[in-house]
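Numbering starts at 1 and runs along the sequence shown. Model, not experiment: these values are computed from the prediction.
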Amino acid sequence: METGTQNRLKFESNYKSFEWTHVQTTEERDLFNSTPFKEGICILYIPEGSHLRIDFSEFTTKKPTLFFCGYQRIQILKGENVTLLSYNRDFYCIQIHDAEVACDGLLYNNAGQFPATELSPEENQTIQNLFSEIGKELHLNDSSMEEMVRILLKQIIIRATRLWKEQQLPPQLTGIPAEVEFYRNFNQLVEIHFKKWHSVADYAQLLGLTAKTLSNKFNKLNLVQPNEIIKSRILLEAKRLLCFTDWSVKEIAYELGYEDPAYFNRLFTGKVGDSPIVFRKLFNEGKKVH
């Protein structure tokens, strides 16, 4: 079933959901920005020279760029001809189909590096064509539409994953599949367990390593240290809960696995620069936070 206007098309069937949204005008941008969260797994196409905010980070695009988000707050501060694809796990689960696209831990669930892929003129044309074909399929809405959209979606993800590896991974990892898989696996484990396990030793044990060996491996590969990745993911979730819920700091600390709220408060303040209470106050006042 397909619903919506020409700039917003949605397919829903048996718990499966896929949405294509194209933002051209200021009014459409304001409507897009008014939604607190973009539901589902998202791929955002942003033209060159655009400015956007995702959660608490701002980006200005020097080239056409794909951003990969999941259940995050996305705001277009400047830019037109932005297109968003969003879908739920029932439509296409990147974990279940990991062997097909191998993007989990790179494009998604990667707390160490923000998933953005810049596009060359040639790749930009290819990606624009794929986005356009998805829109046409949703309009067509015949019996093969759902599977065709899924095929086109996978092409976008596979191309973007290849480009992301070229652009974001250090040279030491390029062309070494085992090391890339190791990095992906670590990021996947952090996403699954960050509310429960907070130390490098916890994840080293899951990987069958010592904490020192794990840290040395990341250092040798010139990657962000595992402790920073773990803490970054915890703090991002803390910021979301502070800004988008009315939970107390104590409730947030417990939700993130800290039995001592005072310790959580010190950790947040030391890493962010403001206490949780001040961070929430600044956000509610519309001031810029990081």
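Using a distance-only test at 3.5 Å, with no hydrogens or angles considered, no donor-acceptor pair links the side chain of Q168 to the main chain of W164. Remark: side-chain polar atoms of S248 are paired, donor with acceptor, to backbone N or O of E251 under 3.5 angstrom. Of the possible polar contacts, none joining the R184 side chain to the G105 backbone as a donor-acceptor pair under 3.5 Å is found. A donor-acceptor contact shorter than 3.5 Å links the side chain of R150 to the backbone of F91. At distances below 3.5 Å, not a single donor-acceptor pair connects side-chain atoms of H139 with backbone N or O atoms of L9. Not one N or O on the side chain of S86 forms a donor-acceptor pair closer than 3.5 Å with the backbone of I41. For the pair N219 (side chain) and S215 (backbone), a donor-acceptor distance under 3.5 Å is absent. With T25 contributing its side chain and E28 its backbone, the two residues share a donor-acceptor pair below 3.5 Å. No donor-acceptor distance shorter than 3.5 angstrom exists from the side chain of D104 to the backbone of Q188, with no hydrogens or angles considered. With T61 contributing its side chain and P47 its backbone, the two residues share a donor-acceptor pair below 3.5 Å.
With contacts defined as side-chain heavy-atom distances shorter than 4.5 Å, the pair P261/Y254 qualifies. No side-chain heavy atom of K78 sits under 4.5 Å from any side-chain heavy atom of S50. Within the 4.5 Å cutoff, the side chain of P115 has no heavy atoms near those of the L106 side chain. Put simply, the side chain of V200 does not reach to within 4.5 Å of the side chain of F218, judged on heavy atoms. Residues D142 and M148 fail the side-chain proximity criterion, which asks for heavy atoms closer than 4.5 Å. Using a 4.5 Å heavy-atom cutoff, the side chains of L85 and I156 are in contact. Between F186 and I230, the closest side-chain pair of non-hydrogen atoms falls below 4.5 Å. By the 4.5 Å heavy-atom criterion applied to side chains, R8 and L31 are not counted as neighbours.
Using a 3.5 Å distance cut-off with no hydrogens or angles, the side chains of Y258 and N265 do not pair a donor with an acceptor. Remark: the N33 side chain and the Q75 side chain contain no N/O donor-acceptor pair separated by less than 3.5 Å. Neither side chain, E191 nor N187, offers a donor N or O lying under 3.5 Å from an acceptor on the other.
Sorted by first then second residue, the salt bridge (Lys or Arg N to Asp or Glu O under 4.0 Å) pairs that include residues 60-75, not counting sequence neighbours, number zero. Residue pairs meeting the salt bridge (Lys or Arg N to Asp or Glu O under 4.0 Å) criterion with at least one partner in residues 113-130, sequence neighbours excluded, are E123-R159. Sorted by first and then second residue, the salt bridge (Lys or Arg N to Asp or Glu O under 4.0 Å) pairs with a member in residues 255-270 read K195-E255; sequence neighbours excluded. Residue pairs that meet the ring pair (Phe, Tyr, Trp, His ring centres under 6.0 Å) test with at least one member in residues 221-242, sequence neighbours left out, do not exist here. Residue pairs meeting the ring pair (Phe, Tyr, Trp, His ring centres under 6.0 Å) criterion with at least one partner in residues 225-252, sequence neighbours excluded, are F37-F244, F244-F283.
Nearest heavy atoms, T83 versus H22: OG1-ND1, 2.8 Å. Heavy atoms only, all atoms of each residue included: N110 and Y183 are closest at OD1-OH, 3.4 Å. Heavy-atom minimum distance, L256 versus I234: CD1-O, 3.8 Å.
I94 and I151 are assigned to two separate hydrophobic clusters, defined by single-linkage of ILVMFWY side chains at heavy-atom distances under 4.5 Å.
Applying the side-chain hydrogen bond (donor to acceptor under 3.5 Å, both in side chains) rule to E228 yields the partners K271; only residues at least two apart in sequence or on another chain are considered. With sequence neighbours left out, R53 forms a salt bridge (Lys or Arg N to Asp or Glu O under 4.0 Å) with E58. With sequence neighbours excluded, the residues satisfying salt bridge (Lys or Arg N to Asp or Glu O under 4.0 Å) with E133 are K136. Every residue meeting the ring pair (Phe, Tyr, Trp, His ring centres under 6.0 Å) condition with W197, not counting sequence neighbours, appears here in chain and number order: H193. For K239, the side chain to side chain contact (heavy atoms under 4.5 Å, CB included) partners at least two apart in sequence or on another chain are F56, F268, V272, F279. In this view, F68 and Y108 satisfy the ring pair (Phe, Tyr, Trp, His ring centres under 6.0 Å) rule, not counting sequence neighbours.
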### Query
Checking side chain to side chain contact (heavy atoms under 4.5 Å, CB included) for the pair E80/Q24: CA distance, chi angles, key distance, verdict?
CA-CA 5 Å; E80 298 175 349; Q24 285 184 295; 5.7 Å; no
### Query
Run the side chain to side chain contact (heavy atoms under 4.5 Å, CB included) check on L66 and L107 step by step: do they pass?
CA-CA 10 Å; L66 292 176; L107 299 184; over 6 Å; no
### Task
May I have the step-by-step check of side chain to side chain contact (heavy atoms under 4.5 Å, CB included) for Q72 and I54, ending in yes or no?
CA-CA 7 Å; Q72 289 171 273; I54 300 176; 3.8 Å; yes
#### Entry: Steps toward side chain to side chain contact (heavy atoms under 4.5 Å, CB included) verdict (I74, F32)
CA-CA 9 Å; I74 304 169; F32 182 94; 4.0 Å; yes
### Candidate pair E181 and N185, rule side chain to side chain donor-acceptor pair (under 3.5 Å), full reasoning
CA-CA 6 Å; E181 287 305 299; N185 192 19; over 6 Å; no
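Results of the side-chain contact (heavy atoms from CB on, under 4.5 Å) test with F131 over T126, I43, L152 single out I43 as the only residue that passes.
To the nearest 0.5 Å, atom CG of residue N227 and atom OG of residue S199 are 8.5 Å apart. Put simply, CG on D274 and NE2 on H290 are 9.5 Å apart, with the number rounded to the nearest 0.5 Å.
Note on R233 versus E237: salt bridge recorded, some NZ/NE/NH1/NH2 to OD/OE distance being below 4.0 Å. With salt bridges taken as basic N to acidic carboxylate O contacts below 4.0 Å, one links E179 and K217.
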Going by atom type alone, with no hydrogens or angles, which donor-acceptor pairs under 3.5 Å involve a side-chain atom of residues 205-214 and a protein atom two or more places apart or on another chain?
from: T210; atom 1: OG1; to: T213; atom 2: N; distance (Å): 3.1
from: T210; atom 1: OG1; to: T213; atom 2: OG1; distance (Å): 2.7

